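In this text, all values refer to a predicted model and were calculated from it rather than measured experimentally. Keep in mind that the numbers below use all heavy atoms, side chains included, and drop hydrogens, waters and symmetry copies. Residue numbers start at 1 and run along the sequence shown.
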Amino acid sequence: SYQPVNQPIVELAVNETVRSSSPSGTKTRVVLPDGSIVWLNSDSYIEYPKGFSDEARIIDLVGEAFFEVKKDCKRPFTVRSFGANTTALGTSFNISAFPENRVVEVHLITGKVLVNNVLLRPGEGVSYDKKREFIKVFEIDLDKVLGWKNGILFFDGDDFGSFVRKIERWYGVEVTVNKRPGKEWSVKGRFEKEYLTNVLETVGFNKSFSYKLNDKELRINF
């Protein structure tokens with residue numbers, strides 16, 4: 001049985017650039033050179049300069065992260081993720097930008113941010129379509145947006161592929177499947193700091209699958 005655990009930051013300096021990453025099965029807290037704080041979700045990383053310039057603070061994100069930005073009116077704080085540029089002065093927000101997802105989502109908690117020239121207010125989010133470069137604004141559900149940071153695993157009508165990816169990231173396991181269910185398969189659920197076996201028992205009972213867990217290898221059988 002596995003629960004997410006905090007592990008040390010993995011850092012790699014290349015040409016004065018630092019990469020801070022959070023491997024699958026972990027959550028990581030990073031303090032940036034300006035004192036801003038970043039919480040990295042599993043299977044996510046940021047890259048940033050060892051020291052920010054006098055004009056700007058620029059961070060690149062792949063995956064999901066929650067940012068608490070130190071206020072600095074002279075140096076805007078910008079997070080770049082697959083063409084979605086989120087700029088703030090002093091605020092807190094969440095960005096979900098996993099490579100396989102069609103959209104990047106930005107969720108504003110406090111303050112104001114600008115996402116590709118679209119101004120967000122607290123409680124609002126935007127989805128940015130990476131291919132069409134189209135932005136849509138929507139109201140956010142704080143519990144769902146920040147669930148990962150608080151140890152809550154959400155499934156909100158997830159298809160089977162999304163279910164598997166979340167399990168792999170959250171618990172740091174590798175999943176194999178004997179046969180995949182149909183496209184109509186979906187799952188809803190909320191699991192707070194729960195062991196992987198308990199999640200699998202609950203979902204497996206509802207969705208009629210069995211599983212075999214061997215260390216970090218999980219096999220799902222339909």
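- With sequence neighbours left out, the ring-ring contact (aromatic ring centres under 6.0 Å, His included) criterion links Phe160 to Trp185, Phe222.
- Rounding to the nearest 0.5 Å gives a distance of 11.5 Å between CD of Glu64 and NZ of Lys149.
- In terms of modelled atom types and a separation under 3.5 Å, the side chain of Glu168 and the main chain of Val175 share a donor-acceptor contact.
- Ile46 is listed as a side-chain neighbour of Leu40, based on a closest heavy-atom distance under 4.5 Å.
- One finds a salt bridge joining Lys144 and Asp156 here, because a Lys/Arg side-chain nitrogen approaches an Asp/Glu carboxylate oxygen to under 4.0 Å.
- Both Val69 and Val30 are part of a single hydrophobic cluster, where members link through side-chain heavy atoms under 4.5 Å apart.
- The side-chain contact (heavy atoms from CB on, under 4.5 Å) search around Arg80 returns Ile58, Asp60, Thr78, Asn85, not counting sequence neighbours.
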Criterion side chain to side chain donor-acceptor pair (under 3.5 Å) on Trp148 and Asn94, from CA distance to verdict: CA-CA 11 Å; Trp148 69 268; Asn94 189 82; 3.0 Å; yes
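- Atom NZ in Lys212 sits 14.5 Å away from atom CD1 in Ile220 (nearest 0.5 Å).
- The hydrophobic cluster containing Phe163 also contains Leu196, counting ILVMFWY residues as joined when their side-chain heavy atoms lie under 4.5 angstrom apart, directly or transitively.
- Of the possible polar contacts, none joining the Ser21 side chain to the Pro23 backbone as a donor-acceptor pair under 3.5 Å is found.
- The two residues Leu108 and Pro122 make their nearest non-hydrogen contact at CD2-N, 3.5 Å.
- The CG atom of Asn214 lies 13.0 Å from the OH atom of Tyr211; values are rounded to the nearest 0.5 Å.
- Applying the salt bridge (Lys or Arg N to Asp or Glu O under 4.0 Å) test to Glu47 and every residue at least two apart in sequence or in another chain returns Arg19.
- The closest donor-acceptor contact from the side chain of Ser44 to the backbone of Ser42 lies under 3.5 Å.
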side-chain contact (heavy atoms from CB on, under 4.5 Å) evaluation trace for Leu153 with Glu192: CA-CA 6 Å; Leu153 175 60; Glu192 186 167 355; over 6 Å; no
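- With sequence neighbours excluded, the residues satisfying side-chain contact (heavy atoms from CB on, under 4.5 Å) with Ser162 are Asp158, Asp159, Arg165, Lys166.
- Sorted by first and then second residue, the pairs that involve residues 22-44 and meet ring-ring contact (aromatic ring centres under 6.0 Å, His included), not counting sequence neighbours, are Trp39-Phe66.
- Proximity of Val62 to Phe98: side-chain heavy atoms (C-beta onward) are nowhere separated by under 4.5 Å.
- Evaluation of the side-chain contact (heavy atoms from CB on, under 4.5 Å) rule for Val118 yields Val126, Ile135, Val137 as partners, not counting sequence neighbours.
- With sequence neighbours left out, Arg180 forms a salt bridge (Lys or Arg N to Asp or Glu O under 4.0 Å) with no residue at all.
- The side-chain hydrogen bond (donor to acceptor under 3.5 Å, both in side chains) analysis of residues 124-139, with sequence neighbours excluded, yields the pairs Arg102-Asp129.
- Note on Val18: it clusters hydrophobically with Leu32, by side-chain heavy-atom contacts below 4.5 Å among ILVMFWY residues.
- The two atoms that bring Pro33 and Pro49 nearest to each other are CG-O, 3.7 Å, heavy atoms only.
- In this structure, NE2 in His107 is found 9.0 Å from CG in Leu146, a value given to the nearest 0.5 Å.
- Counting side-chain heavy-atom gaps under 4.5 Å among Ile, Leu, Val, Met, Phe, Trp and Tyr, the cluster of Leu114 also holds Leu119.
- When every heavy atom of Gly147 is checked against every heavy atom of Trp170, the shortest pair comes out as O-CH2, 4.4 Å.
- Remark: the backbone N or O of Leu89 is paired with a side-chain donor or acceptor of Arg57 at under 3.5 angstrom.
- Sparse packing is recorded around NZ of Lys112, with 12 or fewer heavy atoms of other residues, nucleotides or ligands lying under 6.0 Å away.
- Every residue two or more places apart in sequence or in another chain that forms a salt bridge (Lys or Arg N to Asp or Glu O under 4.0 Å) with Arg169 is listed here: Asp43, Glu100.
- For the pair Tyr171/Leu200, no side-chain contact is recorded, criterion being any heavy-atom separation below 4.5 Å from C-beta on.
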Audit row: Phe209, Val177, side-chain contact (heavy atoms from CB on, under 4.5 Å) steps and yes/no: CA-CA 10 Å; Phe209 67 71; Val177 188; over 6 Å; no
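- Considering every non-hydrogen atom in both Pro76 and Thr87, the closest pair reads CB-CG2, 3.8 Å.
- When side chains are defined from C-beta on, Asp72 does not count as touching Asp34, because their heavy atoms never get closer than 4.5 Å.
- The shortest heavy-atom contact between Ser81 and Val104 is O-CG2, 3.7 Å.
- The nearest pair of heavy atoms linking Gly125 to Ile140 is N-CG2, 3.5 Å.
- Contact check for Lys50 versus Thr17: no side-chain heavy atoms found under the 4.5 Å cut-off.
- Residues Thr86 and Ile95 are in side-chain contact: their nearest non-hydrogen atoms beyond the backbone lie under 4.5 Å apart.
- Asp54 places no side-chain N or O within donor-acceptor distance of the main-chain N or O of Lys74, the cut-off being under 3.5 Å.
- By the ring-ring contact (aromatic ring centres under 6.0 Å, His included) test, Tyr45 is found to be paired with no residue, residues two or more places apart in sequence or in another chain being considered.
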Derivation and outcome, side-chain contact (heavy atoms from CB on, under 4.5 Å), residues Ile59 and Phe77: CA-CA 8 Å; Ile59 298 92; Phe77 184 101; 3.3 Å; yes
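- Taken to the nearest 0.5 Å, the OG atom of Ser186 stands 5.0 Å off from the NZ atom of Lys207.
- Phe154 belongs to a hydrophobic cluster with Ile152, counting contacts under 4.5 Å between side-chain heavy atoms of Ile, Leu, Val, Met, Phe, Trp and Tyr, direct or through other members.
- You'll find the side chain of Thr176 stays beyond 4.5 Å of the side chain of Leu218, heavy atoms only.
- Between Tyr48 and Val38 there is no side-chain heavy-atom pair separated by less than 4.5 Å.
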